[in-house]
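This report refers to the structure that appears directly beneath it.
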Number of protein chains: 2
Amino acid sequence: MEDRKKRILQAIIDDYVLTAMPVGSRTISRKYLMNLSSATIRNEMSDLEELGYLEQPHVSAGRVPNAKAYRLYVDALLEEGPKPTREDEELRQKYLNRVSHLEDVVASTAQALSDFTHYASLVMMPRQEQMRIATLQLVPVTRALALLVIVTDGGVIRDTMVRVSEDLDADALYAISRMLSERLSGKTLKEVQSLLKDYADHAPGDPQVLSGIMELSGQMEKQAAADNLTVSGSHNILGFPEYHDAEKARQLLSALEDKDRLMSLVHGTGGLELMVHIGPETGIPEMTECSVALAEYRVGQGKRGAIGLIGPTRMPYARVLGTLRLVSRALTGVLGGEEDAE
Amino acid sequence: MEDRKKRILQAIIDDYVLTAMPVGSRTISRKYLMNLSSATIRNEMSDLEELGYLEQPHVSAGRVPNAKAYRLYVDALLEEGPKPTREDEELRQKYLNRVSHLEDVVASTAQALSDFTHYASLVMMPRQEQMRIATLQLVPVTRALALLVIVTDGGVIRDTMVRVSEDLDADALYAISRMLSERLSGKTLKEVQSLLKDYADHAPGDPQVLSGIMELSGQMEKQAAADNLTVSGSHNILGFPEYHDAEKARQLLSALEDKDRLMSLVHGTGGLELMVHIGPETGIPEMTECSVALAEYRVGQGKRGAIGLIGPTRMPYARVLGTLRLVSRALTGVLGGEEDAE
DNA sequence: GTTAGCACTCTCATTGGTCGAGTGCTAACG
DNA sequence: CGTTAGCACTCGACCAATGAGAGTGCTAAC
């Protein structure tokens, strides 16, 4: 595509991002490309429409950029890499002085992110399967119930109740814990499951505990795949003119509450630091008019989570991606992922 | 107030709950109280307006019931007690076969509640301060960090990282855990704090651990007051005609994300099983046009949490309260509170 | 005390007309 | 040949006028 067409398309996108109104040829000629007349712009716009980058709501309205247009724009963006703005710096400052649980850090990051950008934000915790067990301990709760606490290398804690035989006292549980802990540390959950199967034969511990752990690890795997995705600040969605229609907004918001479907979206982040799903690319019908920008963060060795922002397709992608990249790097830094912050 | 006035007011409320439109005298005379003419109703309505139960959006619209009207209605309702409907039974069935962590049970209850009723739902976890410690255990995480797990009598688990001196190995930590556990079990968090102060003098354990626990219990108290309130299904709000205006909806939704303010609302449930805040009674400006119905549930001895539904003031209070009561009782049952389910 | 009837008020949806923004096309220009 | 000026045309937004409908308050009769 000729350079001029690109510049015009860019101008249209910029203006549309700003105003959320169809952009006319005259606007472009006056505000963006003063050396060209509106008639010329009209011709080019007509071409761009034919190429599939623009759409016209009705015959005498301006043009509106397309998913295809944003995609072109974003792809260029992703290559050169956005640079942080002053606001980003502020956000970064605000947040660098906290150290705590993974859950808390990530959740409050999401909160801050949505408060700050006025978009809805999304957080996916790292998938638990990939985590390796650091320690494991049984804490007695009642005579027949114990809490199995598993600490993983990323500082993530998981726990579930397991039923234990009644004649095990605290000391016995501790002994079992130590033994299991020694043998299982460094393993992933998947490995634990198969290991335990063999193990059950030689059965040096309480068989009930073993089966408890078996059940737990299965349960944890299931839990790992669900639940660890949260959306916050979804009310920000309502601030956008494209969602002034209550019914539309309702549909989007309920789609955002359906974690399972969102999950599949976030999953597709095949190893890229930044990525964007534009409109229909999300694959979720209710989300054809909005985009999801995602950034990956890391915890420990190679465990990946994601944070993201959700807004109308008409997002200021450069800004949004810049902020996300910054925050995800800071997260990775704070959480001891292998990549350096900044 | 005369019985007839009450009946008319009731009819107005019923119709308004159904239609969300101002109710005229003719409607009442034809649909609800066929033995009275519209003129009579008009006279009564005029009286009711003077008494402060009704309002007129404009001179020739019908009447709209007031917070005061709903209050009268709900008070009567609370006395006689609503009865469960078929739908309630269905909800109850759906949910009786789960046993798990407090957090999970309560959260999924909230989810189910909002899905089912199509209102936004709210859950408050029991205040942690009131909880008594059952066991306490230190789980080593790294050389210098341990996870302090506190199990309370209600099966609620809290944990935080504490820094421990590097020359304590797992066994030493266990020994400390046992000792602390023995001395602290049965105490509330408040008590632990003051106890530890005295305790620090005789210092039989690692002083670092002690100060860690001190810090933690303070932290937990703070945490207890925040964070344990969640709202789900808020998208349902957008389904109501009174929130078809995007700006209004946005304000309400952001108010619902402000846990602190909501907290104060829920707190006022001074020991009643059911309660309702109608419109301005909520004390939250953004919520003058909606009501919050709350029901209490119990965990262990005397620890109280709350579940609730949030909708427009024009809620079908009888249904809503019935459902809430049912669910809260079931919750209390499942979670081993002292009151019996059903 | 209740009701029928009537005049009055106010909202809402409809209609028609105007305005302005924006397009596409054509013809002229460098 | 690309660019531009000009013009006719289209379409939505806005406005005012209009009329129907819903609902009220009041009065007088039952």
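Note on naming: letters A, B, ... go to the chains in the order of the sequence lines (proteins, then strands), and numbering restarts at 1 for each one. All figures in this text were calculated on a predicted structure; none of them were measured in a lab. Just the heavy atoms: all of them, side chains too, but no hydrogens, waters or symmetry mates, feed the values below.
- Side-chain proximity of B/Ala39 to the nucleotides C/dT3, D/dT4, C/dG24 is greatest for C/dT3.
- Across all strands shown, D/dA28 forms a Watson-Crick or G-U wobble pair, both distances under 3.5 Å, with C/dT3.
- Side-chain proximity of A/Glu49 to the nucleotides D/dT10, C/dG24, C/dT2 is greatest for C/dG24.
- Rounded to a whole Å, the CE atom of A/Met21 is 13 Å from the C1' atom of C/dG20.
- Pairing partner, D/dC14: C/dG17, with both Watson-Crick or wobble hydrogen-bond distances short of 3.5 Å.
- For B/Arg71, the CZ atom counts as densely surrounded, since its 6.0 Å shell holds more than 12 non-hydrogen atoms of other residues, nucleotides or ligands.
- For the pair B/Glu44 CD and C/dT3 P, the computed distance is 11 Å after rounding to whole Å.
- Straight-line distance from the CG atom of A/Asn35 to the P atom of D/dT4: 8 Å, rounded to whole Å.
- Among the atoms of the strands shown, only primed sugar atoms or phosphate atoms (P, OP1, OP2) are found under 4.0 Å from some heavy atom of B/Ser25.
- Side chain to side chain, A/Ser232 and A/Ser121 meet the donor-acceptor criterion of an N or O pair below 3.5 Å.
- With hydrogens and angles left out, the side chain of B/Ser60 and the base of C/dT9 share a donor-acceptor pair within 3.5 Å.
- Here C/dG22 presents its C1' atom at 13 Å from CD1 of A/Ile12, a figure rounded to the nearest Å.
- Rounding to the nearest 0.5 Å gives a distance of 9.0 Å between CG of B/Leu309 and CG of B/Leu321.
- The distance from atom CG of B/Leu33 to atom C1' of C/dT2 is 15 Å, rounded to the nearest whole Å.
- Comparing B/Thr40 and A/Val59 against DNA chain C, the residue whose closest nucleotide sits nearer the 5' end is B/Thr40.
- Using cut-offs of 30° and 60° on the angle between ring planes, the pair A/Tyr317 and A/Tyr73 is perpendicular.
- Set against D/dG25, D/dT3, C/dG24, the side chain of A/Arg4 has D/dT3 as its closest nucleotide.
- The backbone N or O of B/Ile41 lies less than 3.5 Å from no partner atom in the side chain of B/Ser25, so there is not a single donor-acceptor pair.
- In this structure, B/Glu55 atom CD and D/dT24 atom P are separated by 15 Å, rounded to whole Å.
- Interface remark: the A/Arg26 side chain does not form any donor-acceptor pair with the C/dG22 base, using a distance-only criterion of under 3.5 Å.
- Each of C/dT3, D/dC11, D/dT24 was ranked by its minimum atom distance to the side chain of B/Met45; first place goes to D/dT24.
- Checking A/Asp14 against A/Tyr32 by side-chain atom types alone, no donor-acceptor pair falls below 3.5 Å.
- Between A/Gln56 atom CD and C/dA21 atom C1' the separation is 12 Å, expressed in whole Å.
- One atom, CZ of B/Arg30, and another, P of D/dA22, lie 9 Å apart when rounded to the nearest Å.
- Considering only side-chain atoms of A/Arg63, the nucleotide from C/dC10, C/dG24, D/dT24 that sits closest is C/dG24.
- Take the nearest nucleotide of DNA chain C for B/His58 and for B/Asn43: the residue whose nucleotide is more 5' is B/Asn43.
- Between the side chain of B/Arg42 and the base of C/dG5, a donor-acceptor pair under 3.5 Å is found.
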